[in-house]
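The structure appears right after this line, and notes come after that.
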2 protein chains.
Amino acid sequence: MISKRDQILDIAERGYRQGGFAGLSFRDIAAALDMKSASVHYHFPHKEDLGKAVVERYTDNLLDNLGAPDAADDSVKIRLARLVEAYRAAYAEGESSCLCAVLGSVSPQLPPAVQEAVNSYFTRLVTWTETALAEAPPSTNLNAAHIISALQGAMILSVAMGDARYLDEVAEDLTKKSGV
Amino acid sequence: MISKRDQILDIAERGYRQGGFAGLSFRDIAAALDMKSASVHYHFPHKEDLGKAVVERYTDNLLDNLGAPDAADDSVKIRLARLVEAYRAAYAEGESSCLCAVLGSVSPQLPPAVQEAVNSYFTRLVTWTETALAEAPPSTNLNAAHIISALQGAMILSVAMGDARYLDEVAEDLTKKSGV
DNA sequence: TGATACCTACCTATCGATAGGTAATTAATA
DNA sequence: TATTAATTACCTATCGATAGGTAGGTATCA
């Protein structure tokens with residue numbers, strides 16, 4: 001049985017990804033869970049608290065899925081394939097953008113705690129990717145910022161165009177290049 | 001002398017880029033121009049009208065700056081450098097994301113006319129880039145969707161991290177690869 | 001005189017947030 | 001073990017602020 005707190009986080013994550021931080025209200029969440037907005041405030045007093053919790057859970061889940069970036073029995077290619085697949089799976093849930101692309105694109109306008117959580121998402125993800133690429137030969141024409149940027153941008157293109165092919169194309173391109 | 005209509009578009013473009021479509025109100029715009037919100041409605045009756053006009057002007061300005069994608073006296077490298085520079089310049093204005101990354105990431109939640117305008121931005125930009133790359137030798141490991149995605153994503157990373165180096169790094173990477 | 005570009009004044013809907021209360025569960029104590 | 005104290009998870013009702021939008025008036029100028 002999923003706790004009410006987790007149900008709120010689920011709704012909020014979906015809502016933020018689809019409509020941005022300003023696009024989802026306490027009342028929207030309450031209505032989706034058949035409760036009152038005051039009860040959502042019981043679990044998360046301020047909107048900033050909710051946003052921070054959503055982003056932190058989202059970050060932890062992604063890094064869990066990615067696994068260790070330096071496991072001895074994985075090749076660079078396999079690690080990169082896991083990263084690409086994580087983004088394709090994220091898009092597939094409701095054909096929506098990455099939470100941290102939506103929030104990060106308007107970062108200066110977010111409450112400080114949410115800003116910091118988004119910053120931490122990218123910091124951790126860049127670190128993971130740099131580590132995953134560490135053993136790649138110099139001929140591999142890939143760097144962490146480029147890979148993450150391309151995936152984030154491709155998700156937005158696919159959402160804006162209503163067409164998964166943009167993400168598919170970039171995903172294939174990145175995977176191909178990682179073959180070395 | 002800049003018309004009031006254009007002044008409104010200027011404020012709205014900056015505001016949407018910094019805070020998203022829901023993050024800028026008619027009152028915000030009016031306050032910035034020392035007028036009343038009802039007067040903004042005189043120029044743009046509905047928020048949808050304003051959003052559409054902002055995106056269309058933004059798109060036209062970008063394509064004007066890029067110039068012809070098939071001018072005989074330009075190399076692929078020069079064309080791509082123009083594209084990359086356009087994005088760097090856009091970021092430099094207020095260290096903010098691309099308007100159509102901010103809006104496109106939450107496209108399904110936007111009013112239909114704004115959705116269509118954003119869709120048109122990406123359609124026209126992809127077409128421009130494909131044409132610009134048409135003469136590139138097959139060894140050039142670049143395709144239009146990949147280039148645009150990487151630039152869009154890199155802007156978001158830079159905004160979210162408050163650090164221009166992410167965009168700089170990706171820009172250099174793309175420019176280098178276009179050298180052939 | 002009629003169009004243009006504003007204004008005042010207002011409406012309805014919704015926002016995040018708070019106060020104060022209640023039933024059910026759990027922990028601590030006599 | 002029975003009673004009491006706290007805690008959990010909600011509720012109703014309301015707050016001040018703000019959202020997009022409108023009706024109708026006014027000053028300016030061709």
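Per chain, numbering begins at 1; letters A, B, ... match sequence-line order. Side chains are part of it too, since the values below use all heavy atoms of this structure and drop only hydrogens, waters and symmetry mates. As the structure is a computational prediction, the values presented were derived from the model and not from experiment.
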query: How long is the line joining NZ of Lys36(B) and C1' of dT26(D), in whole Å?
result: 15 Å
- request: Give the B/S/- string for nucleotides 12-17 of chain C, one per nucleotide from 5' to 3', where a protein heavy atom under 4.0 Å of the base yields B, of only the sugar-phosphate yields S, and otherwise -.
  value: ---BBB
message: Enumerate the side chain to side chain donor-acceptor pair (under 3.5 Å) contacts for residues 58-73 of chain B, please, sequence neighbours excluded, ordered by first and then second residue.
response: Asp60(B)-Arg124(B)
side-chain contact (heavy atoms from CB on, under 4.5 Å) between Asp163(A) and Tyr166(A), worked out: CA-CA 7 Å; Asp163(A) 189 340; Tyr166(A) 294 90; 4.0 Å; yes
- prompt: Considering residues at least two apart in sequence or located in another chain, which fulfil the side-chain hydrogen bond (donor to acceptor under 3.5 Å, both in side chains) criterion with Ser149(B)?
  reply: none
Donor-acceptor contact present, side-chain Ser158(B) to main-chain Met155(B), <3.5 Å: no
field: Whether Arg17(B) side chain and Cys100(B) backbone form a donor-acceptor pair below 3.5 Å
entry: no
- prompt: Dot-bracket for DNA chain D, 5' to 3', with Watson-Crick and G-U pairs under 3.5 Å, [ ] for crossing pairs and | for other-strand pairs: what is it?
  reply: ||||||||||||||||||||||||||||||
Contacts of Val54(B) that satisfy side chain to side chain contact (heavy atoms under 4.5 Å, CB included) - sequence neighbours left out: Leu9(B), Ala12(B), Glu13(B), Tyr16(B), Leu50(B), Leu99(B)
Which atom pairs, donor and acceptor, lie under 3.5 Å between side-chain atoms of residues 29-44 of chain A and protein residues at least two apart or in another chain?
| residue | atom | partner | partner atom | Å |
| --- | --- | --- | --- | --- |
| His41(A) | ND1 | Pro45(A) | O | 2.8 |

query: Taking NE2 from His43(B) and P from dA3(C), how many angstroms apart are they, rounded to a whole number?
result: 18 Å
query: Within a radius of less than 6.0 Å around CZ of Arg165(B), do more than 12 heavy atoms belonging to other residues, nucleotides or ligands occur?
result: no
- request: Mind calculating the distance between CG (Asp34(B)) and P (dC6(C)) to the nearest angstrom?
  value: 12 Å
task: Would you tell me if any nitrogen or oxygen in the side chain of Tyr42(A) comes within less than 4.0 Å of OP1 or OP2 on dA9(D)?
output: yes
field: Spacing between Leu33(B) atom CG and dA5(C) atom C1', to the nearest angstrom
entry: 14 Å
